[in-house]
Amino acid sequence: MTKTDHESLQHMDEEAKRKKRMKWTIGIIAFVILQVVQALFFVLVIMKFKSPKFRVGEFDVQTLNVGTQASPSFDMSFVAPIRVKNTNWGPFKYDASTVSFTYGGVQVGQAIIPKSKANFKSTKKIDVSVTLSSANLPSTSNLGNELSSGIITLNSQGELKGKVTVMFMFKKTKTSQMNCTMAIDTSTKAVQSLTCK
């Protein structure tokens, strides 16, 4: 074996080592980039805690008795479909709460929401019996005018406090607010419109 062959062989050996080092470097860089992308996804998507949505859905009025414009009053009962929509990647465990139904800012009834949980990426459905009465309304209320128009406008407000748990160890306290306005048609005994903020 001549000196030139030996140098050529040594040069090829160094070239093979350099290519091997380059492959390892590229592999390590790709692995690091993948880990950074996974960490960013985890922090920006999974660990982003959001307040669940707390709403009342459309319902059928079971009973509705109304007075006249001269002697305005109403008594109503229905089953309120309360919905807790959890868009987080972990369950939302909430405490017992109440939903107040008001007319003109005066409470006319309430619904009790029992302590429970909404699973991750799902909606918890709670059906609650509600009875409303205008007995506590002041005589100066606008109820007589609304009864003559055939519509009763009600509001529902509530607050749900609880904790979202992600991966069994990361917990964050969240509060959900309900603020819905509904118009009840007194002739058809149906919900004419329902909007929630």
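The structure displayed is predicted, hence computed values, not measured ones.
- Contact check for Leu143 versus Tyr103: side-chain heavy atoms found under the 4.5 Å cut-off.
- Side-chain atoms of Val128 and Ile113, non-hydrogen and from C-beta on, do get closer than 4.5 Å to each other.
- Within 6.0 Å of the NZ atom in Lys172, the count of heavy atoms belonging to other residues, nucleotides or ligands does not exceed 12.
- Between the Ser134 side chain and the Leu137 main chain, no donor and acceptor come within less than 3.5 Å of each other.
- Looking at every heavy atom in both residues, Ser148 comes nearest to Gln69 through CB-OE1, 3.5 Å.
- Taking the side chain as every heavy atom from C-beta outward, Thr165 and Phe170 never approach each other to under 4.5 Å.
- Atom CG of Asp60 is surrounded by 12 or fewer heavy atoms from other residues, nucleotides or ligands within 6.0 Å.
- For the pair Phe101/Phe78, a side-chain contact is recorded, criterion being any heavy-atom separation below 4.5 Å from C-beta on.
- What you find for Pro81 and Glu58 is that their closest heavy atoms are CG-O, 3.2 Å.
- Looking at heavy atoms from C-beta onward, Val99 lies out of side-chain contact with Gln157 at the 4.5 angstrom threshold.
- Contact detail for Leu64 and Thr186: the closest heavy-atom pair is CD2-CA, 3.8 Å.
- Of all the heavy atoms in Leu147 and Gly67, the pair that sits closest is CD1-O, 4.0 Å.
- Thr181 places no side-chain N or O within donor-acceptor distance of the main-chain N or O of Asn155, the cut-off being under 3.5 Å.
- Cluster membership check: Phe49 shares its hydrophobic cluster with Met167, using side-chain heavy-atom separations under 4.5 Å among Ile, Leu, Val, Met, Phe, Trp and Tyr.
- Counting only residues at least two apart or on different chains, the salt bridge (charged side-chain N to carboxylate O under 4.0 Å, His left out) pairs with a member in residues 74-103 are Arg83-Asp127.
- There is no path of hydrophobic side-chain contacts, each under 4.5 Å, that joins Val32 to Trp24.
- A distance of 12.5 Å separates CD1 in Ile28 from CD1 in Ile33, rounded to the nearest 0.5 Å.
- In this structure a side-chain-to-backbone donor-acceptor pair under 3.5 Å is present from Asn86 to Asn88.
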Residues Glu146, Thr153; criterion side chain to side chain contact (heavy atoms under 4.5 Å, CB included); working and verdict: CA-CA 8 Å; Glu146 278 208 340; Thr153 305; 3.1 Å; yes
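- Each of Lys117, Lys124, Lys163, Lys121 was compared with Pro91 under the side-chain contact (heavy atoms from CB on, under 4.5 Å) criterion, and only Lys117 meets it.
- A pairwise comparison of heavy atoms in Lys161 and Thr175 identifies CG-OG1, 3.7 Å as the closest pair.
- Considering NZ of Lys174 and OG of Ser51, their distance stands at 4.5 Å, rounded to 0.5 Å.
- One distance of note links CG of Asn136 with OG1 of Thr102; it measures 12.5 Å at 0.5 Å rounding.
- Aromatic ring centres of Phe92 and Phe54 lie farther apart than the 6.0 Å criterion allows.
- Two residues are said to be in side-chain contact when any heavy atoms from C-beta on lie closer than 4.5 Å; Val84 and Ile126 meet this criterion.
- Counting only distance, with no hydrogens or angles, the side chain of Thr98 and the backbone of Ile112 share no donor-acceptor pair below 3.5 Å.
- By the criterion of side-chain heavy atoms lying less than 4.5 angstrom apart, applied directly or through intervening Ile, Leu, Val, Met, Phe, Trp or Tyr residues, Val106 is grouped together with Ile184 in one hydrophobic cluster.
- A salt bridge is absent between Lys17 and Glu14: the closest approach of a Lys/Arg side-chain nitrogen to an acidic carboxylate oxygen does not fall below 4.0 angstrom.
- Residue Ser193 holds its OG atom at 9.5 Å from CE of Met182, rounded to the nearest 0.5 Å.
- In this structure the side chain of Met76 reaches within 4.5 angstrom of the side chain of Val61, judged on heavy atoms.
- Not one N or O on the side chain of Ser71 forms a donor-acceptor pair closer than 3.5 Å with the backbone of Thr68.
- Remark: side-chain polar atoms of Glu159 are not paired, donor with acceptor, to backbone N or O of Met178 under 3.5 angstrom.
- Counting all heavy atoms, side chain and backbone alike, Ser156 lies closest to Val56 at OG-CG1, 3.6 Å.
- Checked by atom type and distance alone, the side chain of Arg55 never pairs as donor or acceptor with a backbone atom of Thr195 at under 3.5 Å.
- With hydrogens and angles left out, the side-chain atoms of Thr63 and Ser77 include a donor and acceptor closer than 3.5 Å.
- Counting only heavy atoms from C-beta outward, the side chains of Phe74 and Leu154 approach each other to under 4.5 Å.
- Residue Phe120 qualifies as open at atom CZ: its count of foreign heavy atoms under 6.0 Å is 12 or below.
- Rounded to the nearest 0.5 angstrom, Gln110 CD and Thr131 OG1 are separated by 11.0 Å.
- Note that the OG1 atom of Thr25 and the CZ atom of Arg18 stand 11.0 Å from one another [nearest 0.5 Å].
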